There are 2 protein chains.
Amino acid sequence: MKVANEQTTRDRIIETARQLFLTRGFAGTGIAAILKEAGVRSGSLYYFFKSKDELLVAVLDQYKGLLRPILIDPVEAATNDPIGRVFALLESYRGFLLETGCRMGCPIGNLALEISDTHDEARDRVRENFDAWCACVEGWLVDAGDRLPNDLDRAELARFVLTVMEGAQMQAKANKKIKAYEASITQLRHYFEMLESRAK
Amino acid sequence: MKVANEQTTRDRIIETARQLFLTRGFAGTGIAAILKEAGVRSGSLYYFFKSKDELLVAVLDQYKGLLRPILIDPVEAATNDPIGRVFALLESYRGFLLETGCRMGCPIGNLALEISDTHDEARDRVRENFDAWCACVEGWLVDAGDRLPNDLDRAELARFVLTVMEGAQMQAKANKKIKAYEASITQLRHYFEMLESRAK
DNA sequence: GTCTATAAGAGGATAGAC
DNA sequence: GTCTATCCTCTTATAGAC
């Protein structure tokens with residue numbers, strides 16, 4: 001067991017696999033590519049992970065840990081307005097799409113459709129990632145208090161926000177253009193505006 | 001060239017590949033599985049298609065031809081109400097999810113995320129499928145006339161309907177439960193109700 | 001914990017007879 | 001157009017020395 005530096009070989013493998021799964025998908029990423037990119041030999045990888053599937057699970061676990069530091073915390077630092085936070089989060093996905101030429105989008109969503117039918121354990125981790133994301137958004141919607149109608153189900157609306165983000169990033173990817181993403185967010189904003197005006 | 005029966009070997013290969021891509025994904029479907037399922041030898045498949053990628057393009061072309069007979073026509077036959085048609089279409093996806101234990105959902109969406117970054121020609125066909133779908137929905141929204149606000153962009157709202165359907169089916173797949181799909185459609189319906197009441 | 005070497009199989013694709 | 005046989009590459013994973 002190492003003591004001095006916890007950015008271990010294991011961490012480097014997970015980090016590298018995460019990047020490659022994001023750009024090429026799970027099936028599209030060979031073990032060889034991970035080894036090369038991480039500068040590691042296969043003996044090391046299989047010392048830490050029994051199989052490629054187990055590595056996938058570790059990657060999805062890492063995503064759970066990244067949600068707050070990478071996505072939620074910056075949004076909460078940027079604005080105190082609870083509904084503003086929802087759209088700031090969606091804006092950060094838009095920035096990510098633009099930076100990557102609409103190649104990426106939501107790393108979890110990309111994996112979700114690829115592995116949900118065939119990898120039960122990984123699918124559960126995808127679900128946990130989605131649940132954690134929705135819980136954060138739901139928290140903001142609860143914070144919005146009277147600005148939203150009282151009879152509106154906050155959890156259901158949070159799900160809806162995830163739905164819109166995932167569906168919108170899919171179309172940005174398929175079109176290699178940001179327009180469909182922006183159009184969808186515009187409609188969602190419109191919905192929120194109507195909810196807010198109805199709450200008054 | 002055959003004359004009597006146009007349900008040719010080529011058609012059977014495309015049909016079989018379509019089914020398998022739907023259940024196992026593109027990368028997850030081996031040529032061997034297609035051959036076995038279709039009862040065909042590899043010589044025949046490669047007589048009709050230069051490569052697996054070319055077969056994928058043929059499958060996506062077939063989907064374009066299936067859109068009206070399988071999805072749109074039944075919906076238009078079932079109801080004359082233009083907004084009712086939008087939700088009848090979403091209901092038919094719900095039925096498909098339920099029939100398949102939430103394993104499937106939208107065949108195009110499933111392929112979209114898998115191949116958009118790596119298969120340019122196939123990605124264009126995905127886009128064409130999405131465009132054709134949106135054009136149908138947009139037509140209904142135009143038919144809705146004064147029931148929707150005049151300043152509302154029908155094309156953008158049609159995009160939004162696709163966004164919600166795709167995002168919702170993704171979550172149904174990841175959760176292996178229909179609930180998130182239904183919750184999202186409920187929110188969309190709520191949005192439409194508010195649009196209709198605003199148009200009055 | 002990490003190295004090299006390699007097993008064992010599946011993948012897509014082709015050649016040439018019929 | 002369809003058949004059999006097969007090539008070749010890439011894949012995941014393991015064995016055993018260090």
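Below, chains carry the letters A, B, ... as their sequence lines are ordered, and counting in each starts from 1. These figures come from a predicted structure and were not determined experimentally.
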Response to the item:
When rounded to whole Å, the CG to C1' distance for the pair B/Asp53 and C/dA13 reads 12 Å

Worksheet item: A/Phe26 has an atom CZ; how far is it from atom P of D/dT11, in whole Å?
Response: 13 Å

Practice prompt. May I ask you to list the residues of residues 40-50 of chain B, by number, that have any heavy atom positioned under 4.0 Å from an atom of DNA chain D?
Written response: B/Arg41, B/Ser42, B/Gly43, B/Ser44, B/Tyr47, B/Phe48

Discussion item. Distance check needed: D/dT9 C1' versus B/Lys52 NZ, whole Å only.
Written reply: 15 Å

Item to complete: Please lay out, stage by stage, how B/Gln171 and B/Ser184 fare under the test side-chain hydrogen bond (donor to acceptor under 3.5 Å, both in side chains).
Response: CA-CA 10 Å; B/Gln171 286 179 73; B/Ser184 293; 4.7 Å; no

Worksheet item: Just one of B/Leu141, B/Asp81, B/Leu157 clears the side-chain contact (heavy atoms from CB on, under 4.5 Å) bar with B/Val86, so which one?
Response: B/Leu141

Discussion item. Under 4.0 Å from OP1 or OP2 of C/dT2: is there any side-chain N or O of A/Thr9 that close?
Written reply: yes

Worksheet item: Atom CG of A/Leu35 and atom P of D/dA13: how far apart are they, to the nearest Å?
Response: 12 Å

Item to complete: Determine, using ring centers only, whether A/Phe160 and A/Tyr191 are less than 6.0 Å apart.
Response: yes

Worksheet item: Are A/Arg18 and A/Asp61 close enough for a salt bridge, meaning some N to O gap below 4.0 Å?
Response: no

Worksheet item: Just how far, in rounded Å, is P of C/dG12 from CG of B/Leu20?
Response: 12 Å

Item to complete: Take atom CZ of B/Arg12 and atom C1' of D/dT2, then tell me their distance rounded to the nearest Å.
Response: 11 Å

Discussion item. Between P on D/dA5 and CD1 on B/Ile31, what's the gap in Å once rounded to a whole number?
Written reply: 20 Å

Worksheet item: If you pin A/Gly30 and B/Gly39 to their nearest nucleotides in DNA chain D, which one's is more 5'?
Response: B/Gly39

Worksheet entry | Salt bridge flag under 4.0 Å for residues A/Glu156 and A/Arg159 | no

Practice prompt. Could you check how far CD1 of A/Ile13 sits from P of D/dA13, rounded to whole Å?
Written response: 14 Å

Discussion item. Tell me whether B/Arg154 is salt-bridged to B/Glu138, with the criterion being a basic N under 4.0 Å from an acidic carboxylate O.
Written reply: no

